[in-house]
Protein chains: 2
Amino acid sequence: MSHTLGIRQAQKQKTRQALLDAALGLLEEQSLSSLGLREVTRAVGVAPTAFYRHFRSTADLGVALVEEALGSLHPMIRTTVSTAGDSAERITGTIELIRRHVDGYPAHVRFIARERHGGVQPVRAAIRDQLARFAQEVKAELAKDPVSAGWTEDDLLMLAHLYVDQMLITASLFLEALEGPEEEREERTRHVAQVATRQMRLISLGRHHWLD
Amino acid sequence: MSHTLGIRQAQKQKTRQALLDAALGLLEEQSLSSLGLREVTRAVGVAPTAFYRHFRSTADLGVALVEEALGSLHPMIRTTVSTAGDSAERITGTIELIRRHVDGYPAHVRFIARERHGGVQPVRAAIRDQLARFAQEVKAELAKDPVSAGWTEDDLLMLAHLYVDQMLITASLFLEALEGPEEEREERTRHVAQVATRQMRLISLGRHHWLD
DNA sequence: CCATGCAGTTAACAACTGTTCTCTGGAATT
DNA sequence: AATTCCAGAGAACAGTTGTTAACTGCATGG
């Protein structure tokens, strides 16, 4: 199936990726709704009009960035939530996974946090859809757990959404710690992890007593 | 103390408020980082240069909007969280209060949700500070509750932050329901309220078993 | 090998931006 | 009543923006 695409299409995808990367970089200190197409092409070193060969508009580029930032995350979600072990170590494992992801893809995390409620409607919609899919996947994993015996579908989904939102908040806090001065970084990161762990534990506690 | 300020200062504050209102309106479909000063003055009907008499920049105006949107909210928080009654009706009361606030000040809610992680650093900082104050106030109210007996200060604060974040998420969801087509509005609002209530209840459940 | 396709270039456009300086009319102060 | 103050107006600036049209050169498929 891996049809080695010609040097033509290869070059095109290369430029496209360069545009995406440059945009992601520029979005560190502004929002998508203020990102200019000329700004992006200038950063890449290509003519402004070349932009149109890849995207209809910056909003269109934003939607592509959502795919890039969240699309590849689904397998991770599944394997994490379904990891074996008792509740305590599953929580610390999840928090640690979030921390590492923020560490590895800070710009992606920033983009999602920023544009989730940002000023560009199609991008908001794309993020909302992806997060809804995440919630569905988390729900599916939760359903397998014996703790969920007797839960309604609605209750499973409301808990899944609670988890997803909590993950996003935690990721955003890790990012803030990462952006701060280097000498505080380590301690702030540890602090975020500690607080997030206890919050997850409290939610987990509520989960175990839900059917009382 | 109410020194009736002269017609001069009165007119100035009137223009200032008009600028703030116009900006809030324009921010319904864009982010602060793309808001131009000329755009705002044009909407008000004053010369672009008049802007400088009130704000140094649009970022400065943004900080003022944070005060307007969140500053007046502190008394509400206190009275709500400390309202008497059992856990169940306190939760529904809180959710209902959030719903009404979103209904009354949708643009303010949208602004906070959008700029909390937005592209303008001083505004992010202003929102973070206000939310931290909210968390402190919620913590103070939680401390009064007999359920909190034996809790450490740290644990009270982590729970307070959980509540504050949950309130923001809920407010944002109410807003989305409000923005949708009118025929779905009522049902979506009811659905958001129902899910948020159960999430709060689950958290409350975890809270009661925290010291097990 | 030649004709087609198409990623990227060049040039030009009208419209817009933030900021400066100068000016004005009327409220505030003396 | 005379003077100061200052919110807002007006004009001009250099620089930016998105979008258009017509182009060039090279990889591609016949």
Side-chain angles (χ1 to χ4, degrees), chain A residues 2-23 25-65 115 118-123, chain B residues 2-23 25-65 115 118-123:
Chain A
S2 69
H3 177 260
T4 349
L5 67 175
I7 81 175
R8 183 129 196 199
Q9 301 242 351
Q11 178 56 38
K12 178 171 183 180
Q13 289 219 359
K14 209 169 155 185
T15 321
R16 185 190 138 100
Q17 192 57 47
L19 288 169
L20 288 170
D21 292 349
L26 291 164
L27 285 173
E28 288 186 16
E29 38 204 53
Q30 63 181 311
S31 316
L32 183 63
S33 85
S34 67
L35 183 71
L37 119 198
R38 293 185 98 108
E39 203 178 344
V40 178
T41 56
R42 192 185 313 129
V44 173
V46 41
T49 47
F51 186 91
Y52 293 106
R53 299 281 179 199
H54 303 275
F55 309 101
R56 228 180 284 274
S57 62
T58 50
D60 195 21
L61 178 145
V63 173
L65 275 178
E115 302 303 332
V120 183
Q121 201 273 328
V123 173
Chain B
S2 68
H3 176 260
T4 348
L5 67 173
I7 81 175
R8 183 132 197 193
Q9 301 243 349
Q11 179 56 38
K12 178 169 183 180
Q13 289 221 0
K14 210 168 154 185
T15 315
R16 185 190 139 99
Q17 192 57 47
L19 289 169
L20 288 170
D21 291 349
L26 291 164
L27 286 173
E28 288 187 16
E29 38 204 53
Q30 63 180 312
S31 315
L32 183 63
S33 84
S34 67
L35 183 70
L37 121 198
R38 295 184 98 109
E39 202 177 347
V40 178
T41 57
R42 192 187 312 130
V44 173
V46 304
T49 47
F51 186 92
Y52 292 106
R53 299 282 177 198
H54 303 276
F55 308 103
R56 228 181 285 274
S57 62
T58 50
D60 194 22
L61 178 145
V63 173
L65 275 179
E115 301 303 331
V120 184
Q121 200 274 328
V123 173

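Below, read A as the first sequence line, B as the second, and so on, with proteins coming before strands; counting in each chain starts at 1.
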query = To the nearest Å, how far apart are B/Gln30 CD and D/dT17 P?
reply = 16 Å
ask   = Atom CZ of B/Phe51 to atom C1' of C/dT17: distance rounded to whole Å?
value = 13 Å
remark   = Quick note, side chain to side chain donor-acceptor pair (under 3.5 Å) partners involving residues 36-61 of chain A, not counting sequence neighbours, are A/Gln30-A/Glu39
query = Quick one: side chain to side chain contact (heavy atoms under 4.5 Å, CB included) partners of B/Gln11, sequence neighbours excluded?
reply = B/Lys14, B/Thr15
Pull out every protein N or O sitting under 3.5 Å from an N or O of nucleotides 7-13 of chain D, one pair per line with the distance.
from: D/dA7; atom 1: OP1; to: B/Lys12; atom 2: NZ; distance (Å): 3.3
from: D/dA7; atom 1: N7; to: B/Arg53; atom 2: NE; distance (Å): 3.4
from: D/dA7; atom 1: N7; to: B/Arg53; atom 2: NH2; distance (Å): 3.2
from: D/dG8; atom 1: OP1; to: B/Thr15; atom 2: OG1; distance (Å): 2.3
from: D/dG8; atom 1: OP2; to: B/His54; atom 2: NE2; distance (Å): 2.5
from: D/dG8; atom 1: N7; to: B/Arg53; atom 2: NE; distance (Å): 2.9
from: D/dG8; atom 1: N7; to: B/Arg53; atom 2: NH2; distance (Å): 3.2
from: D/dG8; atom 1: O6; to: B/Arg53; atom 2: NH2; distance (Å): 2.8
from: D/dA9; atom 1: OP2; to: B/Ala47; atom 2: N; distance (Å): 2.4
from: D/dA9; atom 1: N7; to: B/Thr49; atom 2: OG1; distance (Å): 3.1
from: D/dG10; atom 1: O6; to: B/Thr49; atom 2: OG1; distance (Å): 3.4

remark   = Those residues at least two apart in sequence (or on a different chain) that pass side chain to side chain donor-acceptor pair (under 3.5 Å) with A/Ser31 are B/Ser33
note = Rounded to whole Å, CD of B/Glu39 lies from P of C/dC16 at a distance of 11 Å
note = Here the distance between atom P of D/dA22 and atom OH of A/Tyr52, to the nearest Å, is 17 Å
note = A/Glu28 meets the side chain to side chain contact (heavy atoms under 4.5 Å, CB included) criterion, sequence neighbours left out, with A/Ala107, A/Arg110
request  = Figure out the CG/P separation between A/Leu37 and C/dT9, and round it to whole Å.
outcome  = 13 Å
All side chain to side chain contact (heavy atoms under 4.5 Å, CB included) counterparts of B/Gln17, not counting sequence neighbours = B/Leu20, B/Asp21, B/Glu68
task = Write down the distance between NZ (A/Lys14) and P (C/dA7), rounded to a whole number of angstrom.
result = 16 Å
key: Whole-Å gap separating C1' (D/dT19) and CG (A/Asp60)   = 16 Å
task = Please name the pair of heavy atoms, one in B/Ala23 and one in B/Leu35, separated by the smallest distance, quoted to 0.1 Å.
result = CB-CD2, 4.0 Å
request  = On DNA chain C, check which nucleotide each of B/Ile7 and B/Arg56 is closest to and give me the residue with the more 5' one.
outcome  = B/Arg56
request  = Round to a whole Å and report the spacing from CD of A/Gln9 to C1' of D/dC26.
outcome  = 15 Å
